[in-house]
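Because only heavy atoms are used, hydrogens play no part in the values below, and waters and symmetry mates are left out as well, while side chains stay in. In the text below, chain A, chain B and the rest are named by the order of the sequence lines, each starting its count at 1.
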Amino acid sequence: MMIDMSGLESAPSLLGVNDELSGGFLRAPSFELPSTIDFDGFQKEAKQTLKHAKGTTTLAFIFKEGVMVAADSRASMGGYISSQSVKKIIEINPYMLGTMAGGAADCQFWHRNLGIKCRLHELANKRRISVAGASKLLANILYSYRGMGLSVGTMIAGWDETGPGLYYVDSEGGRLKGTRFSVGSGSPYAYGVLDNGYRYDMSIEEGAELARRAIYHATFRDGASGGVASVYYVGPNGWKKLFGDDVGELHYKYYPVVQGTVEQEMIEVSGA
Amino acid sequence: MARYDRAITVFSPDGHLFQVEYALEAVRKGNAAVGVRGTDTIVLGVEKKSAAKLQDSRSVRKIVNLDNHIALACAGLKADARVLINKARIECQSHRLTVEDPVTVEYITRYIAGLQQKYTQSGGVRPFGLSTLIVGFDPYTGVPSLYQTDPSGTFSAWKANATGRNSNSMREFLEKNYKETSGQETIKLAIRALLEVVESGGKNIEIAVMTKEHGLRQFEEAEIDAIVAEIEAEKAAAEAAKKGTPKET
């Protein structure tokens with residue numbers, strides 16, 4: 001199977017006369033089918049092998065002041081924790097962020113590629129690209145690689161002319177606009193805390209604290225999430241990193257150890 | 001020189017692309033077209049060669065929409081125009097689909113100019129024989145724009161411009177009489193420029209006006225006749241005033 005690089009081209013290629021009409025649309029790549037007896041079974045097996053369970057917790061939500069984006073920092077390979085300090089919030093440009101869930105290489109590469117495309121759009125059109133447009137560019141690329149084993153579950157968050165924007169984009173080619181998203185194996189836990197504490201008219205401090213809490217609770221229960229809870233805020237002037245706390249320390253901050261009771265009991269027992 | 005105008009990928013020894021220059025000749029033989037940009041209105045006008053009696057004049061519209069907020073008028077080979085306009089319309093929709101934004105006037109002008117240039121650097125094809133005037137309002141900023149492209153693939157923005165037959169006289173008139181206008185004044189300026197080179201009357205002129213709220217509106221013959229009459233009246237009054245003053249001294 002030939003790796004298709006058409007997603008890396010930033011403009012439809014200038015072909016000869018015959019291809020004019022389709023020149024405006026993105027061309028989907030094609031690849032040869034492997035010669036097996038049971039193609040469907042083979043396909044299923046291949047998909048399973050390549051399907052990385054997205055071991056992570058990321059979340060983002062829109063509120064009155066802008067967009068809050070948060071993520072953990074653990075990378076796991078099965079049961080082995082390969083890193084506790086992965087940057088899962090990717091800075092696409094000074095006013096747009098992307099989150100990483102799924103294959104780390106896939107997310108990093110395609111977010112960087114998206115950053116290139118956004119910059120080219122700015123240069124060509126003398127205008128920043130909108131969050132809707134950026135997320136659509138990424139979604140179209142991921143759709144053209146559908147079925148080839150990319151594993152990307154990302155949220156594109158940013159601030160453009162129409163205000164705060166948040167889109168969920170995944171490697172199946174899906175793209176959803178929304179106000180609250182959480183992606184990864186720890187997302188059920190994060191959703192519980194996030195949905196419970198969410199109000200549209202929170203202040204920036206309240207929003208950041210909610211995001212940090214939600215990540216902490218997800219790392220507490222989900223083995224594939226942990227490390228550092230990073231929280232970023234995206235406002236009209238771009239993004240700013242607010243928190244980067246180790247979740248172990250956060251645990252003792254939220255639930256400090258109560259001293260003394262046990263020792264007193266032991267003294268009483270020995271006294272009696 | 002004859003040897004350098006076959007395959008147009010070939011430069012002549014003195015640096016000319018003859019096919020492109022011949023295309024410009026074709027444009028110079030096409031009908032007159034004028035575009036004027038006002039503060040809130042943009043006007044396109046083209047000369048209408050007298051329609052044959054049995055021809056349905058509505059099927060030969062020379063000013064067309066590329067999208068809700070962009071319009072185009074051209075001078076030159078009308079068949080080439082149809083091809084270019086179709087591609088531009090597809091590109092407008094494709095842009096809406098990929099970045100969820102309508103095109104800006106500059107973007108679609110750059111696209112059309114790029115297409116025209118492509119055909120001056122490919123083998124076995126000839127350049128498009130038309131110059132276009134592209135007008136519109138940018139989707140978010142609402143700024144009105146007027147652009148012109150030509151067969152060589154260059155483009156630039158204009159406050160007012162003319163192309164086609166006798167474009168030089170029209171441009172001279174516009175240079176002498178242009179000022180920032182809005183609404184009805186912009187329309188009158190465009191018609192006055194056209195009247196310099198075209199026979200007077202609503203059946204020889206086609207006018208379309210673009211505003212931000214209402215998009216492109218084609219004028220009826222009767223409306224054009226009314227404005228032409230106004231202009232003639234103003235001209236007559238100006239003549240009379242000129243004749244009047246010398247007597248007083």
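When heavy atoms are compared at a cutoff of 4.5 Å, A/Ala124 approaches chain B by way of both its backbone and its side chain. No part of A/Ser135 comes within reach of chain B, as not one of its non-hydrogen atoms sits under 4.5 angstrom from that chain.
Ranked by non-hydrogen atom pairs under 4.5 Å with chain A, the options B/Thr104, B/Thr141, B/Val99, B/Val103 are led by B/Val99.
Checked against side chain to side chain donor-acceptor pair (under 3.5 Å), B/Tyr140 has the following partners two or more places apart in sequence or in another chain: B/Asp101. In this structure A/Tyr191 satisfies the side chain to side chain donor-acceptor pair (under 3.5 Å) test with no other residue, sequence neighbours excluded.
A salt bridge does not link A/Glu122 to A/Arg127: none of the charged side-chain nitrogens sits closer than 4.0 Å to a carboxylate oxygen.
For the atom pair A/Glu206 CD and A/Met68 CE, the distance stands at 10.0 Å (nearest 0.5 Å).
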